[in-house]
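For reference, the structure is listed below as structure tokens.
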Number of protein chains: 2
Amino acid sequence: MGTPLPRDPIGDAQRNWERHGWGDVAAPMAAITAIMRTQQILLARIEGALKPFGLTFARYELLALLSFARSGALPMNKASALLQVHPTSVTNAVDRLEKAGLVVRSPHPTDGRTTLIELTTEGRTIAKRATAVLNTEVFSRSGFADSEVDQLIRILGNFRRQAGDFSG
Amino acid sequence: MGTPLPRDPIGDAQRNWERHGWGDVAAPMAAITAIMRTQQILLARIEGALKPFGLTFARYELLALLSFARSGALPMNKASALLQVHPTSVTNAVDRLEKAGLVVRSPHPTDGRTTLIELTTEGRTIAKRATAVLNTEVFSRSGFADSEVDQLIRILGNFRRQAGDFSG
DNA sequence: TTCAAACCCTTGGATGTCCTAGTATATTGC
DNA sequence: GCAATATACTAGGACATCCAAGGGTTTGAA
């Protein structure tokens with residue numbers, strides 16, 4: 001995975017699709033494959049930036065979410081819904097963040113089924129520092145032009161709405 | 001993860017970024033987060049379509065790659081390079097595909113270090129059928145307009161080239 | 001009021017990805 | 001020709017994601 005390939009493998013795949021009679025879906029296939037690959041590249045950059053903090057992207061996302069909650073606490077099911085991941089993924093992330101002392105679980109005051117995730121002081125500090133690094137090292141140098149960012153937000157926003165992510 | 005949220009969580013995150021003094025990178029952050037989420041949605045659809053074949057996307061990609069190789073065989077390192085995944089991921093996929101009887105490992109005729117992955121007859125059949133299902137059930141109904149597909153291919157192609165995926 | 005249905009979180013299992021060795025084979029350079 | 005370096009694959013481990021199931025808590029309908 002070091003040296004650039006001489007040719008774009010996704011472009012090749014698209015041509016193969018066309019050559020085998022799937023010309024009508026070759027372009028969407030290529031676009032979707034490109035999304036998969038782009039996600040992989042971006043995730044690697046993000047995880048690299050977070051590594052010094054002992055954080056993964058999944059854990060960082062949870063920390064960031066909590067840091068924006070007024071009280072610094074959220075029910076696990078709410079975190080699961082907002083992060084759009086399976087509840088067990090939140091359980092997993094909270095286990096590790098709790099072990100690292102960045103969050104604590106506490107019982108919900110009125111609903112015995114619910115567990116609140118609460119940011120610790122250190123958790124809030126780490127969240128702030130990690131955000132700064134992520135912003136300066138990854139998001140500010142994404143490689144996307146401003147107009148491309150706008151297009152991505154628009155196109156993927158429509159897609160996510162269609163997919164049932166949100167109704168707004 | 002069933003009911004749509006009343007508001008777009010990524011839009012909310014973008015506003016939170018702006019509110020906390022990161023307005024200059026809020027948009028790229030939102031675009032990148034949207035890519036992550038879109039990948040997650042698409043992957044779920046793809047895996048759903050492949051499930052009846054006992055395939056995952058990773059295994060399917062390898063099968064498809066082999067099916068486009070003239071001889072129906074490729075060295076593992078070449079597959080790793082073309083799929084842009086770590087060699088151990090290919091080892092993993094080949095293990096399972098071999099167990100399922102869809103590919104076989106064979107020694108490289110001249111290089112003792114290299115292992116060739118070869119499509120079996122059944123592997124070729126499954127690849128063809130899975131491709132048809134994927135094309136008709138996922139790629140042909142991606143939810144992206146034609147113009148959006150073009151923009152995605154262009155924007156993400158530039159990005160991948162910048163990231164060092166290919167030099168073409 | 002009571003009890004079934006709904007909801008919340010966790011455990012256990014299957015997969016995928018990456019990284020870090022470790023073994024075997026090729027290539028290179030002296 | 002032989003030793004040092006480079007390549008190719010695999011084993012083992014850390015994490016993340018999802019699904020299926022189980023146990024506790026609430027809700028709501030009879």
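Letters A, B, ... mirror the listed sequences (proteins, then strands); counts begin at 1. Side chains are part of it too, since the values below use all heavy atoms of this structure and drop only hydrogens, waters and symmetry mates.
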Given atom [atom1] of [X] and atom [atom2] of [N], what is their separation to the nearest angstrom?
X	N	atom1	atom2	value
Leu42(A)	dA16(D)	CG	P	18 Å
Phe57(B)	dT17(D)	CZ	P	19 Å
Met76(B)	dT25(C)	CE	P	17 Å
Leu74(A)	dC8(C)	CG	P	14 Å
Lys51(A)	dC18(C)	NZ	C1'	9 Å
His86(B)	dA21(C)	NE2	P	12 Å
Leu50(A)	dC18(C)	CG	P	17 Å
Leu83(A)	dT17(D)	CG	P	9 Å

Short side-chain N/O contact to dT15(C) OP1/OP2 from Thr56(B), under 4.0 Å: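 No, no such contact exists.
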Side-chain N or O of Gln40(B) closer than 4.0 Å to phosphate OP1/OP2 of dC18(D): yes
By ring pair (Phe, Tyr, Trp, His ring centres under 6.0 Å) - contacts of Phe144(B) (at least two apart): Phe159(A)
For residues 98-106 of chain A, please give each side-chain donor-acceptor pair under 3.5 Å, one per line with the distance, not counting sequence neighbours.
unit_1, atom_1, unit_2, atom_2, d
Glu98(A), OE1, Arg105(A), NH1, 2.7
Glu98(A), OE2, Arg105(A), N, 2.9
Arg105(A), NH1, Asp95(A), OD1, 3.1
Arg105(A), NH2, Asp95(A), OD1, 2.9
Ser106(A), OG, Glu118(A), OE1, 3.3

Inter-end axis angle, the helix from dT1(C)-dA30(D) to dC30(C)-dG1(D), with every axis fitted to five base pairs (rounded, 10 degrees): 10°
Heavy-atom side-chain contact between Thr114(B) and Met76(B) under 4.5 Å: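 No, side chains not in contact.
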Min side-chain heavy-atom separation Asp12(B)-Asp8(B) under 4.5 Å: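 A side-chain contact is absent here, since even the closest heavy-atom pair is not under 4.5 Å.
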Donor + acceptor pair across side chains of Trp17(B), Asn135(A) (<3.5 Å): yes
dC19(D) base / Thr88(A) side chain donor-acceptor hit below 3.5 Å: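 A donor-acceptor contact between them is present.
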With Asp24(A) via side chain to side chain donor-acceptor pair (under 3.5 Å) - residues at least two apart: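 Here no residue qualifies.
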Partner set under side chain to side chain donor-acceptor pair (under 3.5 Å) for Arg141(A), not counting sequence neighbours: none
Audit row: Gln151(A), Arg154(A), side chain to side chain donor-acceptor pair (under 3.5 Å) steps and yes/no: CA-CA 5 Å; Gln151(A) 292 176 342; Arg154(A) 180 177 47 73; 5.5 Å; no
Listed nucleotide nearest any side-chain atom of Ser89(A), set dT17(C), dT15(C), dT17(D):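 Of the candidates, dT17(D) comes closest.
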Nucleic acid contacts - residues 90-115 of chain B versus DNA chain C, non-hydrogen atoms under 4.0 Å: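 Asn92(B), Arg96(B), Thr110(B), Asp111(B), Gly112(B), Arg113(B) - these, ordered by number, are the residues of the stretch whose heavy atoms sit under 4.0 Å from the strand.
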Val90(A) versus Val85(A), closest heavy-atom pair with distance: CG2-CG2, 3.9 Å
